[in-house]
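To start, I am sharing the structure in question, which I have written as structure tokens.
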Amino acid sequence: MNAADTLSVSSPVFAPDGTIPLCCTGFGEDVSPPLHLSGLCKGAVSLAVTMVDLDIPLLREYPHWLIWNLSPTQEIPAAIPPGESLPELHDAAKGVAYRGPKPPLWVRNTHRYRFDVYVLDCRLALDSQARLRDLRRAMKGHILQRGSLIGKYRHSQPFGSRTLTGERSI
């Protein structure tokens, strides 16, 4: 992989380093955001997507979403449902259900969430219960391109104010 193989990842629902919309969080509908890819190489056989929280104390990355064996496309749709296989995407996609940002209400700092899209030269033979390290191990040596998009999320109400359900927080 070299600089010419860079993949550009964007979303129509949030700007780079922008705020992930409520509908894509655990406080909303908890649906995956749509992702747009540009510069997709011709040798692509499949795509894999990960989303990790970069701001969990004592952890380098905390995975929120893994999906692999997506057919190469410039548009990854929103609200991809969970499942061992995803026939609605017309391929052999597999993945771990999307879990959007949902830091505890007492966490007041902004968290960064990185969406990584990998363009692969093969389909992966992974169990649907695979973890992030399993996916990364399986992709090793098969990545043609990689692109990232970072979104942010922060609770908008001050600590001790009413929660989203209207109850008092502790």
Side-chain angles (χ1 to χ4, degrees), residues 7 9-14 16 18-37 40 44-107 110-120 122-140 142-143 145-156 163-165:
L7 179 70
V9 180
S10 63
S11 179
V13 297
F14 67 95
T19 301
I20 296 172
L22 186 64
C23 66
C24 296
T25 75
F27 296 110
E29 288 90 51
D30 208 9
V31 296
S32 59
L35 299 173
H36 293 190
L37 312 179
L40 187 64
V45 173
S46 71
L47 303 175
V49 180
T50 65
M51 175 191 157
V52 295
D53 185 336
L54 300 172
D55 296 305
I56 299 287
L58 304 176
L59 295 176
R60 213 179 88 207
E61 302 173 319
Y62 180 81
H64 279 261
W65 189 33
L66 311 174
I67 190 166
W68 59 92
N69 289 348
L70 292 167
S71 291
T73 179
Q74 293 182 357
E75 306 284 331
I76 298 173
I80 294 176
E84 290 190 18
S85 64
L86 303 167
E88 49 282 315
L89 296 177
H90 307 292
D91 57 22
K94 290 185 177 183
V96 176
Y98 176 86
R99 290 176 298 125
K102 191 177 181 182
L105 292 173
W106 53 267
V107 173
T110 300
H111 279 229
R112 296 168 298 141
Y113 297 86
R114 188 182 67 221
F115 293 83
D116 289 311
V117 178
Y118 300 90
V119 179
L120 306 174
C122 66
R123 290 198 175 269
L124 301 175
L126 278 175
D127 181 82
S128 62
Q129 301 302 313
R131 305 181 108 181
L132 181 59
R133 69 177 171 258
D134 303 323
L135 177 58
R136 286 184 173 156
R137 192 176 304 126
M139 291 190 302
K140 193 169 187 165
H142 297 287
I143 299 171
Q145 293 176 291
R146 176 184 170 206
S148 297
L149 173 65
I150 292 182
K152 297 177 180 176
Y153 184 76
R154 178 185 177 151
H155 294 296
S156 60
T163 65
L164 295 174
T165 60

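The first residue of the sequence shown is numbered 1, and numbering continues consecutively from there.
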All salt bridge (Lys or Arg N to Asp or Glu O under 4.0 Å) counterparts of Glu61, not counting sequence neighbours: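 Listed in chain order: Arg114, Arg136.
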Testing the basics here: between Phe27 and Pro103, what is the closest heavy-atom pair and its distance to 0.1 Å? CZ-O, 3.5 Å
Salt-bridged, Arg131 to Asp134, with N to O below 4.0 Å? no
Starting at CZ of Phe115, measure out to CG of Leu149 and round the result to the nearest 0.5 Å. 7.0 Å
When rounded to the nearest 0.5 angstrom, what is the spacing between CZ in Arg99 and CG in Leu66? 9.0 Å
Just say parallel, tilted or perpendicular for the rings of Trp65 and Tyr98, cut-offs at 30° and 60°.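 Perpendicular, since the angle between the ring planes exceeds 60°.
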Over all heavy atoms of both residues, which pair between Ile56 and Tyr62 is shortest? Give the atoms and the distance, please.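 Ile56 and Tyr62 have their closest heavy atoms at CG1-CB, 3.6 Å.
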Looking at Ser11 and Pro34, would you say the former's side chain and the latter's main chain have a donor-acceptor pair under 3.5 Å? yes
Just wondering, do Val49 and Ile80 contact through their side chains at under 4.5 Å, heavy atoms? no
Minimal heavy-atom distance between Pro101 and Met51, with the atoms involved, is CD-CE, 3.7 Å
Distance check, rounded to the nearest 0.5 Å: Ser71 atom OG versus Arg123 atom CZ?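 These two atoms lie 4.5 Å from each other.
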Quick one: does any side-chain atom of Ser148 pair with a main-chain N or O of Asp116 as donor and acceptor, under 3.5 Å? no
Going by heavy atoms in the side chains, are Leu37 and Val119 under 4.5 Å from each other? no
Which heavy-atom pair separates Leu120 from Ala48 by the least distance, and what is that distance?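 Where Leu120 meets Ala48 most closely, the heavy atoms are CD1-CB, 4.2 Å.
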Sequence neighbours excluded, which residues qualify as ring-ring contact (aromatic ring centres under 6.0 Å, His included) partners of His111? none
Reported CG-to-OG1 distance for the pair Leu132 and Thr50, which is rounded to 0.5 angstrom: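 Going from CG on Leu132 over to OG1 on Thr50, the span is 6.0 Å.
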Starting at CG of Asp53, measure out to NE2 of His64 and round the result to the nearest 0.5 Å.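 The CG atom of Asp53 sits 4.5 Å away from the NE2 atom of His64.
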Nearest non-hydrogen partners of Gly147 and Val9, listed with the distance: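 The pair with the smallest heavy-atom distance is C-CG2, 3.5 Å.
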By ring-ring contact (aromatic ring centres under 6.0 Å, His included), which residues pair with Tyr118, not counting sequence neighbours?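 Partners of Tyr118 by the ring-ring contact (aromatic ring centres under 6.0 Å, His included) criterion come out as none, since no residue qualifies.
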Could you tell me whether the side chain of Asp55 reaches within less than 4.5 Å of the side chain of Tyr113, counting heavy atoms only?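 A side-chain contact under 4.5 Å is absent here.
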Find the distance between OG (Ser46) and CD1 (Ile67) and round it off to the nearest 0.5 Å. 11.5 Å
Considering all heavy atoms, the nearest Thr19-Phe14 contact: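 That closest heavy-atom pairing would be O-CB, 3.2 Å.
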With the side chain counted from C-beta on, respond yes when Glu29 and Pro21 share a heavy-atom pair under 4.5 Å apart, and no when they do not.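 Sidechains of Pro21 and Glu29: no contact.
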